[in-house]
Amino acid sequence: MLRLSLVYFLIRGANGLLSVLALALLSRFLTSEDYGRYALIVAASAFIATVGFQWINVSVARFYDASEGQRGALVYEALRFYGVMVFPVAALMVVLVALRPWPWMSPDVGILVGFGALGLALHALGLQFANAFGAPKVYG
C-alpha cells in the first residue's frame with residue numbers, strides 16, 4: 001500500500017509540474033486574447049466534465065470492492081453511463097454552436113468545450129479504473 005501510494009504521489013507530482021510548465025510556456029507564447037480563450041475553454045471543459053461525470057467516477061470507487069468477480073460488469077456499466085452522458089454534452093455543444101449565446105463566442109469555442117469535456121471525463125474515468133485496480137503504471 002505504501003509503495004503504491006508513493007508511486008501515485010510521484011506521478012501526480014510530475015503531472016503537476018508539467019501543468020505549471022505548460023501554463024508558463026502558454027502565457028509567454030500566446031497573446032492575452034488567445035490565452036484568455038484557452039483558459040475559458042479549459043475551465044469550461046473541466047467544469048462540465050466534473051459536474052456531468054464525477055458521479056460515474058465516484059460510483060466506480062464505491063462499487064469496486066462489491067464487484068469482485070464481476071469487474072467486467074463494473075467497467076461495462078461505467079462506460080455505458082459515460083455513453084449516456086455524451087448526449088447531453090453533445091446537445092450543449094450544438095446549442096453553443098448554433099445559438100451563440102454570447103456575441104464574443106466563436107463556434108469553435110463550443111466545439112472545443114464539448115470535446116474537451118468529453119475527453120477530460122473519459123480520462124478521469126480511466127484514472128479512476130487504474131486507481132481502483134491498483135495499476136500505478138497505467139495511472140501514470
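Counting only heavy atoms from C-beta outward, the side chains of Ile11 and Val7 approach each other to under 4.5 Å. No side-chain heavy atom of Leu74 sits less than 4.5 Å from a side-chain heavy atom of Gln70. Side-chain contact between Ser59 and Glu77 is absent, with no heavy-atom pair separated by less than 4.5 Å. The shortest distance between side-chain heavy atoms of Leu23 and Ser19 does not fall below 4.5 Å. Here the side chains of Leu17 and Leu21 are not in contact, with every heavy-atom distance at 4.5 Å or above.
Considering CG of Leu30 and OH of Tyr38, their distance stands at 8.5 Å, rounded to 0.5 Å. In this structure, Leu127 CG and Arg12 CZ are separated by 6.0 Å, a value rounded to the nearest 0.5 Å. To the nearest 0.5 Å, the span separating CH2 on Trp55 from OG1 on Thr50 amounts to 14.5 Å.
Nearest heavy-atom pair, Pro107 versus Val97, reported as atom, atom and distance to 0.1 Å: O-CG2, 3.4 Å. Ala49 approaches Leu120 most closely through the heavy-atom pair CB-CB, 3.9 Å. Between Met85 and Gly52, the shortest heavy-atom contact is CE-O, 3.4 Å. Of all heavy-atom pairs spanning Asn57 and Gln128, the tightest one is O-CG, 3.4 Å. Nearest heavy atoms, Met93 versus Gly114: SD-CA, 3.8 Å. Considering every non-hydrogen atom in both Ala117 and Ile48, the closest pair reads CB-CG2, 3.7 Å.
Two different hydrophobic clusters hold Val94 and Val113 under the rule that ILVMFWY side chains link at heavy-atom gaps under 4.5 Å. Neither Phe115 nor Val89 shares a network with the other; the hydrophobic side chains, linked directly or stepwise wherever heavy atoms of I, L, V, M, F, W or Y lie under 4.5 Å apart, form separate groups for each. Val42 and Leu92 fall into different hydrophobic clusters, defined by Ile, Leu, Val, Met, Phe, Trp and Tyr side-chain heavy atoms under 4.5 Å apart, directly or through other members. Hydrophobic clustering (side-chain heavy atoms under 4.5 Å, transitive across Ile, Leu, Val, Met, Phe, Trp, Tyr) keeps Val60 apart from Val58. A continuous path of Ile, Leu, Val, Met, Phe, Trp and Tyr side chains, each step under 4.5 Å between heavy atoms, connects Leu125 with Val75, placing both in one hydrophobic cluster.
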Discussion item. Would Asp34 and Phe29 count as a side-chain contact (heavy atoms from CB on, under 4.5 Å) here? Give the steps.
Written reply: CA-CA 10 Å; Asp34 287 341; Phe29 293 129; over 6 Å; no

Fill in: Full working for side-chain contact (heavy atoms from CB on, under 4.5 Å) between Leu118 and Leu122
CA-CA 6 Å; Leu118 294 174; Leu122 190 59; over 6 Å; no

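For Arg80, the CZ atom counts as densely surrounded, since its 6.0 Å shell holds more than 12 non-hydrogen atoms of other residues, nucleotides or ligands. The environment of OH in Tyr64 is crowded: more than 12 heavy-atom neighbours from other residues, nucleotides or ligands sit within 6.0 Å.
Ring orientation note: the planes of Phe133 and Phe129 are close to parallel, at an angle under 30° on the 30°/60° scale.
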